[in-house]
Amino acid sequence: MSRYDPATIEARWQKAWAQAGLFTAKRDPSKPKYYVLEMFPYPSGRLHMGHVRNYTMGDVIARHKIATGHAVLHPMGFDAFGMPAENAAMQSGGHPKDWTYANIDTMVDQMKPLGFSHDMSRMFATCDPEYYGQQQALFLDMLDAGLIDRRPAVVNWDPVDMTVLANEQVIDGKGWRSGAEVEKRELTQWFFKITDMADELLEALGDLDDWPAKVRLMQENWIGRSRGLEMTFPMTTPEAGIDGITVYTTRPDTLTGASFIGLSPGHPLTKALAEKSPELAAFVDECKKMDTTEAAIEKAEKKGFDTGLTVENPLGGTLPIWVANFVLMDYGTGAIFACPAHDQRDLDFARKYNLPVIDTFFAEDDDTPVANEAFVPAKTERVRWVNQPAGLTSATGEEAVEATIDWAEEKGFGTGKVQFRLRDWGLSRQRYWGCPIPVVHCSDCGVVPEKKENLPIELPYDNGNEPIDFSVPGNPLDRHPTWRNVPCPACGKMAVRETDTMDTFVDSSWYYTRFTAPWAETPTVAEEVDYWMNVDQYIGGIEHAILHLLYSRFFARAMIKTGHLPESAAEPFDALFTQGMVTHAIFKSEKGGRPVFHYPEDVDLKDGKAFLKEGGEEVTVVPSAKMSKSKNNVVDPLAIISQYGADTARWFVLSDSPPERDVEWTASGAEAAAKHLGRVWALSDKISKMEAGAAGQGDEDLLREMHKAIRDVTNGVESFGFNAAIAKLYAFTATLSKSKAGHAAQREAVMTLAQLMAPMTPHLSEDVWATQGGEGLCAAATWPVADEAMLVEASVTLPIQINGKRRDEITVAKDMPKDEIEKLVLANDAVMRALNGGPPKKLIVVPGRIVNVVV
RNA sequence: GCCCAAGUGGCGGAAUGGUAGACGCAGCGGAUUCAAAAUCCGCCGGUAGUGAUACCGUGCCGGUUCGAGUCCGGCCUUGGGUACCA
């Protein structure tokens with residue numbers, strides 16, 4: 001008997017799809033359009049199971065939309081600039097460009113056998129000059145439109161390697177290569193003025209109905225709109241020309257609890273004082289050693305320096321001025337007033353330096369003074385005030401803030417102000433492998449934009465005849481002998497090219513628009529973006545919930561302002577889905593006190609325990625760990641495809657977990673998927689050998705189940721319930737294989753099964769379709785529609801609960817009136833036993849669902 | 001630290017506030033086989049009981065409800081993000 005042979009059929013059908021041009025996106029005004037996009041990968045050189053899962057989900061959507069008559073755009077490309085290419089060049093020689101393009105070739109080859117419906121004719125990499133040249137044009141337009149700014153910002157500086165480090169290159173405050181203590185240093189940097197759009201980006205979140213609520217919430221908190229008070233405390237004695245400290249506070253209502261003023265180490269007064277005080281200068285230097293990440297700053301021990309100066313408190317008395325390591329220069333005014341009783345950081349600081357702790361309010365039923373835990377109730381909670389600037393005695397935090405702002409404005413102490421946590425987007429990177437920022441610095445004209453006809457400003461591949469030495473730290477563009485020296489686009493005098501390149505988030509902030517016309521000589525083409533935008537379904541990892549997605553939302557708006565997108569594309573992703581990771585068990589043993597990680601193929605599994613194939617030693621199983629090269633728990637998609645075929649890999653990554661959750665790759669699970677596909681193939685083979693026109697029993701029962709499967713699988717596919725759809729397909733396959741129905745009904749059932757499976761297992765489905773003599777390609781066939789008449793059930797089974805616990809069930813006609821059900825229930829044995837002759841306390845009948853008797 | 005999630009049998013998981021454990025894996029029993037592999041059929045949360053059945057059970061503690069895995073409050077653990085990893 002012939003068997004399911006994925007290796008043969010998968011290649012055959014991939015060729016058939018290509019010949020039919022099924023996946024080439026074509027504008028067709030007679031069809032609804034559908035744009036499905038998976039977040040494009042970084043070309044690491046190795047496709048992993050996470051990619052397979054991500055792209056399979058997009059493929060399911062794309063294939064389903066093709067089958068429902070849409071003009072589908074389903075592109076793929078590479079997010080190809082970034083540090084790993086430079087790191088590879090640093091560590092093993094070679095060139096970032098060569099390394100990147102070689103990796104792209106490898107990954108494209110690895111994707112091919114999976115049978116995805118990507119339109120590869122639109123593929124590009126962000127490091128293609130044709131792409132980043134258009135990005136430079138966008139930059140110039142945005143510069144012109146006032147969306148870009150240039151100003152100083154703090155970076156991680158490695159004083160030994162003389163280079164800027166990324167946060168991940170700073171380990172415990174030291175440079176990853178040099179081991180030197182990393183310092184903060186100010187450089188002049190380019191910024192996108194995303195904060196100008198903070199309010200709009202926040203407001204528009206409310207309309208993103210098809211985004212996960214968690215992502216909208218994360219963005220909302222990230223943007224962090226707050227209304228507070230900006231007020232100036234006059235200095236008791238002016239110093240260095242500064243006569244007052246301006247602070248911003250979201251809790252002006254606690255002004256009476258103020259016990260000191262905190263200055264950022266970067267505050268102008270701090271800087272002025274440090275020039276005269278070596279002790280303060282030393283303290284500021286120490287603060288500069290701290291990591292620049294928010295997490296590090298927040299978790300660091302709270303430290304301060306008493307300046308000895310004071311300000312006048314408008315409520316009477318004076319407050320000491322401290323420099324505090326936890327006050328950020330980037331947020332608000334770089335200075336705070338501290339209220340230790342109602343802020344944990346302030347409290348920790350106050351206890352450490354013996355500063356006063358003044359309670360300003362208590363819980364309504366408790367008046368314990370704050371000890372070592374600040375009292376910070378929700379702002380919506382009503383509290384009892386003991387000493388409130390605006391004179392309140394009982395109010396919520398919200399009410400008190402508003403009342404205090406009004407009070408302060410009336411008294412002239414300060415003004416109400418809206419503030420955002422969101423900061424402008426610094427896009428400068430002092431690195432080679434990125435998109436060059438197209439400006440020139442001229443000693444006469446200052447910063448001059450490049451002329452558009454000079455674009456793309458291409459990265460130099462080498463130093464003329466010499467190769468670039470990437471093993472030397474720092475930016476090769478900075479030390480390039482000729483690339484930097486160019487005539488000023490304005491006056492023609494020799495000037496210096498900007499050597500900063502762009503943050504790679506810029507590359508990924510507009511690639512989705514470029515896919516609509518990747519060949520164009522302008523960033524976008526109106527008729528193409530008008531037709532294809534927006535992305536109907538975007539799919540990617542939750543790790544991009546904030547930065548990538550927020551930057552893309554900003555960029556779409558900036559592209560509208562510069563005429564590259566229609567107004568309707570302000571929110572470029574209509575629907576977003578965030579999928580989970582693929583994990584795998586780690587097999588671990590110990591040797592000389594150090595962990596040893598074993599490859600899955602070196603381990604035998606028995607009864608949930610793992611033993612080494614060689615020697616039989618039992619090893620520890622750590623379940624559900626993120627796949628990682630260093631833990632030897634990576635499963636290679638190519639190995640799976642050669643063992644089981646692409647359809648098995650695709651089926652498995654969707655079957656075992658809901659798509660938003662992590663899925664654990666297990667050998668037994670993959671085995672089970674392969675077996676199932678083999679069963680379907682054998683079933684189709686068996687049906688194809690039945691006598692045509694042969695009669696049987698239960699045709700209608702089979703077709704009823706088929707229509708239920710159509711309904712459930714369609715619902716599953718349309719709502720990202722892939723695992724539920726697959727469960728239904730398992731069940732329907734079992735029904736079909738047990739069916740004694742006639743040939744016509746069985747053939748119809750197996751062809752429908754093939755269609756329903758096609759988004760997940762397109763090759764197998766195509767083969768079944770052909771075996772049954774289906775017309776054309778299964779992938780091009782119209783998606784089946786469930787016949788409502790076949791879905792109607794005559795009767796329904798109602799569970800009977802007694803006091804909320806299921807005790808029995810009755811089956812009644814679907815439309816039986818409530819009072820008749822009640823009669824039946826009261827006559828039920830279990831109910832009569834429970835009632836013991838008495839009347840029920842309550843009888844709840846939920847039609848079609850459940851009955852609950854309260855006794 | 002802060003923001004956002006997740007936690008259900010031996011395992012992955014299912015369940016519009018309405019029968020907790022669909023479907024799959026593992027395991028157990030059986031059919032087929034000289035035997036095995038493959039395949040097929042059945043059982044499968046825990047405790048007690050021959051059984052009908054009873055009690056317990058969705059990370060922990062408490063609450064709302066006729067009814068809570070699901071809603072609310074407080075914790076614990078794990079994961080994602082924290083602005084130069086992408």
Side-chain angles (χ1 to χ4, degrees), chain A residues 39 41-42 44 79 81-84 87 155-156 164-170 194 212-215 217-222 224 292-300 326 330 344-345 421-431 503-505 507-508 541-548 550-551 578 580-581 583 605-608 623-624 626 652 655-658 660-664 666-669 671-673 675-676 678-679 682 721 723-724 726-731 734 737 797-809 840-844 846 848-854:
Chain A
M39 290 183 186
Y42 181 79
S44 61
D79 187 14
F81 276 134
M83 292 205 309
N87 292 342
V155 296
N156 296 308
V164 177
L165 299 179
N167 286 332
E168 70 160 14
Q169 294 174 318
V170 181
I194 189 172
K214 62 181 171 186
V215 175
L217 191 54
M218 277 190 264
Q219 292 212 357
E220 183 182 328
N221 291 332
W222 183 263
T292 53
T293 66
E294 187 199 345
I297 294 164
E298 289 285 333
K299 279 195 275 193
F326 63 89
D330 295 327
Q344 192 61 44
R345 287 178 307 187
R421 206 188 77 98
L422 180 69
R423 306 201 296 259
D424 275 335
W425 171 11
L427 71 117
S428 291
R429 295 293 180 273
Q430 292 70 43
R431 280 184 247 291
D503 177 10
T504 56
F505 275 123
D507 311 335
S508 55
I542 186 68
E543 66 271 23
H544 296 293
I546 294 174
L547 294 179
H548 162 60
L550 187 61
Y551 290 158
T578 56
M581 292 183 301
T583 63
L605 290 172
K606 203 168 186 307
D607 300 351
S624 304
K626 189 185 201 165
F652 178 73
S655 68
D656 246 30
S657 276
E660 69 275 16
R661 289 245 284 267
D662 293 351
V663 63
E664 176 155 354
T666 60
S668 56
E671 189 76 38
K675 273 186 197 171
H676 176 74
R679 266 195 295 269
N723 56 326
I726 285 179
K728 188 69 201 178
L729 287 165
Y730 270 114
S737 66
T797 300
L798 297 179
I800 298 176
Q801 290 186 335
I802 294 167
N803 290 337
K805 288 190 180 187
R806 198 196 81 99
R807 285 294 119 110
D808 204 351
E809 60 183 34
K841 199 166 158 193
K842 208 167 180 182
L843 182 58
I844 296 146
V846 184
R849 296 235 68 123
I850 204 163
V851 179
N852 192 8
V853 187
V854 185

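Lettering follows sequence order; numbering is per chain, from 1.
Within the structure, every side-chain polar atom (N or O) of A:S657 is placed at least 4.0 Å from both OP1 and OP2 of B:G12. For A:N167, no side-chain nitrogen or oxygen approaches OP1 or OP2 of B:U82 to under 4.0 Å. Considering only side-chain N and O atoms, A:K805 lies nowhere under 4.0 angstrom from the phosphate OP1 or OP2 of B:G18.
What separates CG of A:N723 from P of B:C23 is a distance of 14 Å, to the nearest Å. Per the geometry, CG belonging to A:L547 stands 12 Å off C1' belonging to B:G80, to the nearest Å. Note: CZ (A:F652) to P (B:C23) measures 18 Å, nearest angstrom. What separates CG of A:L427 from C1' of B:A83 is a distance of 13 Å, to the nearest Å. Atom CD in A:E660 sits about 16 Å away from atom P in B:G12, given to the nearest Å. The interatomic distance linking A:E220 (CD) with B:A5 (P) rounds to 11 Å, in whole Å. The interatomic distance linking A:L550 (CG) with B:A86 (P) rounds to 17 Å, in whole Å. When rounded to the nearest whole Å, the span between CD of A:Q169 and C1' of B:C85 equals 9 Å.
For A:E294 and A:R423, the salt-bridge test fails: no basic side-chain N is under 4.0 Å from an acidic carboxylate O.
In this structure, the side chains of A:N803 and A:V854 come closer than 4.5 Å at one or more pairs of heavy atoms. Taking the side chain as every heavy atom from C-beta outward, A:F505 and A:H548 approach each other to under 4.5 Å. The shortest distance between side-chain heavy atoms of A:N87 and A:Q169 falls below 4.5 Å. Annotation: side chain of A:V155 is not in contact with side chain of A:T292 (no heavy-atom distance under 4.5 Å).
The minimum heavy-atom distance between A:M39 and A:G541, with the atom names listed, is SD-N, 3.8 Å. The minimum heavy-atom distance between A:T578 and A:P212, with the atom names listed, is OG1-CG, 4.2 Å.
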(message) Under the criterion side-chain contact (heavy atoms from CB on, under 4.5 Å), I'd like the reasoning laid out for A:I542 against A:V215: C-alpha separation, chi angles, the key distance, then a yes or no.
(response) CA-CA 8 Å; A:I542 186 68; A:V215 175; 3.8 Å; yes
(request) Kindly indicate, with the supporting measurements, whether the criterion side-chain contact (heavy atoms from CB on, under 4.5 Å) is fulfilled by A:L550 and A:L422. (result) CA-CA 11 Å; A:L550 187 61; A:L422 180 69; 3.9 Å; yes
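Taking CG of A:D503 as the start and CH2 of A:W425 as the end, the distance is 6.0 Å to the nearest 0.5 Å. The distance from atom OH of A:Y551 to atom CD1 of A:I546, rounded to the nearest 0.5 Å, is 10.0 Å.
Checking B:A86, B:U19, B:A83 against the side-chain heavy atoms of A:E809 singles out B:U19 as nearest.
For the P atoms, the distance linking B:U19 with B:U58 amounts to 16 Å, nearest Å. Taking atom P in both B:C66 and B:C61, the straight-line distance is 24 Å, to the nearest Å. Atom name C1', nucleotides B:U70 and B:G59: the rounded distance is 16 Å, in whole Å. Rounded to whole Å, the separation between the P atoms of B:A68 and B:G21 comes to 16 Å.
Both A:L422 and A:V215 lie near RNA chain B, and the one whose nearest nucleotide falls closer to the 5' end is A:V215. If you find the closest nucleotide of RNA chain B to A:D656 and to A:K299, the one lying nearer the 5' end belongs to A:K299.
Base engagement by A:V164 is indicated by at least one non-hydrogen atom pair under 4.0 Å involving a base atom. Using a 4.0 Å heavy-atom cutoff across all strands shown, A:R807 reaches sugar-phosphate atoms only and no base atom.
Counting atom types as modelled, A:R849 pairs a side-chain N or O with a base atom of B:U16 as donor and acceptor under 3.5 Å. No donor-acceptor contact under 3.5 Å links the side chain of A:Q344 to the base of B:G1.
The glycosidic torsion of B:G27 lies more than 90° away from 0, which places this base in the anti conformation.
For RNA chain B, runs of at least 3 consecutive pairs of the Watson-Crick or G-U wobble type, with both hydrogen-bonding distances under 3.5 angstrom, map to B:1-7 with B:76-82, B:10-12 with B:23-25, B:27-31 with B:39-43, B:45-48 with B:53-56, B:59-63 with B:71-75.
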Please list each protein N or O that sits under 3.5 Å from an N or O in nucleotides 64-67 of chain B, with the distance.
from, atom 1, to, atom 2, distance (Å)
B:C66, O2', A:N852, ND2, 3.3
B:C66, O2, A:N852, ND2, 2.5

